[in-house]
Amino acid sequence: MIQERFENITLAYQRSIGPYGQHNRHFMENFKQTLDREQLLDDQSVIFGIALDDPARVAAEKLRYDLGLVLRRGQSTSLETRTLEDGLYAVFEVPHTEADILSFWKDLPVLTQGLPTDWRRPIIERYAAPMIARHLCEMCVPLIRPL
């Protein structure tokens, strides 16, 4: 795990409303096709997956999940954009498999034990092309203060 500060990140994004899980896989495929059509995907692309609601508190059919491409200087898009809230994150590398990502979410209470976690902000799944090429992704857990 490392610590990283996110600052001035603008996302070209789409939102899905409905159950998390398998639905998000299809949403990601469609999102990447849209990015491809807009010629925004390349070997440096970074996509964030942001689950905005706690499934223990929100009905499955109302869960919101955003997928956003980090826009680099000079990139433009017809997609909606939003600015990610600046903040500090604990970043965990996770093998990019469905089983390992599910395991991360299941083990989250143990992994974050003792961390100054900011549960008011969402955990961000980061899919950076260079990491994906190595079969890895990152889970970014918001922090209240530095480690």
When rounded to the nearest 0.5 angstrom, what distance separates CG in Leu84 from CG in Asn8?
10.5 Å
Would a single hydrophobic cluster contain both Val110 and Leu102, if residues Ile, Leu, Val, Met, Phe, Trp and Tyr are joined by side-chain heavy-atom contacts under 4.5 Å?
no
What residue among Gln14, Arg82, Glu80 forms side chain to side chain contact (heavy atoms under 4.5 Å, CB included) with Asp66?
Arg82
Hey, mind stepping through Leu11 and Val70 against side chain to side chain contact (heavy atoms under 4.5 Å, CB included) and telling me if it holds?
CA-CA 5 Å; Leu11 302 174; Val70 176; 3.8 Å; yes
Look only at the side chain of Asp53 and the backbone of Arg64, and say whether a donor-acceptor pair between them is shorter than 3.5 Å.
yes
Leu143 versus Asp118: any side-chain heavy-atom pair under 4.5 Å?
no
Given the rule that I, L, V, M, F, W and Y join up when any side-chain heavy atoms are under 4.5 Å apart, are Leu71 and Phe48 in one cluster?
no
Side chains of Pro116 and Leu147: does their closest heavy-atom pair fall under 4.5 Å?
yes
Minimal non-hydrogen separation, Leu63 against Pro55, with atom names
CD2-CA, 3.8 Å
Gap between atom CG of Asp86 and atom CD1 of Ile9 - 0.5 Å precision:
7.5 Å
With side chains defined as the heavy atoms from C-beta onward, is the minimum distance between Gln44 and Pro130 less than 4.5 Å?
yes
Sorted by chain and residue number, the side-chain contact (heavy atoms from CB on, under 4.5 Å) partners of Pro146 (sequence neighbours excluded) come out as Gln3, Leu88
Evaluate Asp100 against Ser103 for side-chain hydrogen bond (donor to acceptor under 3.5 Å, both in side chains), listing each step before the verdict.
CA-CA 5 Å; Asp100 286 305; Ser103 181; 5.5 Å; no
How many angstroms lie between atom OG1 of Thr117 and atom CZ of Arg120, to the nearest 0.5 angstrom?
11.5 Å
In terms of heavy-atom contacts, Val46 and Ala128 come closest through CG2-CB, 3.9 Å
Flag if over 12 foreign heavy atoms under 6.0 Å of NE2, His135:
no
Run the side chain to side chain contact (heavy atoms under 4.5 Å, CB included) check on Ile47 and Leu41 step by step: do they pass?
CA-CA 10 Å; Ile47 294 175; Leu41 278 182; 4.3 Å; yes
Beyond-backbone contact of Trp105 with Ile123, side-chain heavy atoms, under 4.5 angstrom:
yes
The reported gap from OG in Ser45 to CG in Asp36 (rounded to nearest 0.5 angstrom) is 9.0 Å
Look at atom CD of Glu7 and say whether more than 12 heavy atoms of other residues, nucleotides or ligands are closer to it than 6.0 Å.
yes
Gln39 atom CD, neighbour heavy-atom count above 12 within 6.0 Å:
no
Please report the C-alpha distance between Tyr89 and Ile124 in whole Å, then the side-chain angles of each, then the deciding distance to 0.1 Å, and finally whether the side chain to side chain contact (heavy atoms under 4.5 Å, CB included) criterion is met.
CA-CA 9 Å; Tyr89 290 82; Ile124 297 173; 3.6 Å; yes
Just checking Tyr127 against His96, ring centres under 6.0 Å apart?
yes
Transitive ILVMFWY side-chain link Met131 to Phe104, under 4.5 Å:
no
For the residue pair Phe31 and Phe27, does the interplanar ring angle fall in the parallel (under 30°), tilted (30 to 60°) or perpendicular (over 60°) class?
tilted
Intermediate values then yes/no, side chain to side chain contact (heavy atoms under 4.5 Å, CB included), His23 and Ser16:
CA-CA 9 Å; His23 174 76; Ser16 172; 2.6 Å; yes
Side-chain heavy atoms under 4.5 angstrom apart, residues restricted to Ile, Leu, Val, Met, Phe, Trp, Tyr: same cluster for Ile132 and Leu67?
yes
From Met139 atom CE to Asp107 atom CG, the distance as rounded to the nearest 0.5 Å
11.5 Å
Using the salt bridge (charged side-chain N to carboxylate O under 4.0 Å, His left out) criterion, which residues pair with Arg126? Sequence neighbours excluded.
Glu4, Glu138
Could you tell me whether the side chain of Glu85 reaches within less than 4.5 Å of the side chain of Phe6, counting heavy atoms only?
no
How long is the gap from CG on Leu52 to CZ on Arg121, to the nearest 0.5 Å?
13.5 Å
In terms of side-chain geometry, is the basic nitrogen of Arg72 or Asp42 positioned less than 4.0 Å from the acidic oxygen of its partner?
yes
Should Met1 and Val141 be regarded as members of a common hydrophobic cluster, given that ILVMFWY residues are connected when their side-chain heavy atoms come within less than 4.5 Å of each other, either directly or indirectly?
yes
Quick one: list whatever passes side-chain hydrogen bond (donor to acceptor under 3.5 Å, both in side chains) with Thr77, sequence neighbours left out.
Glu38
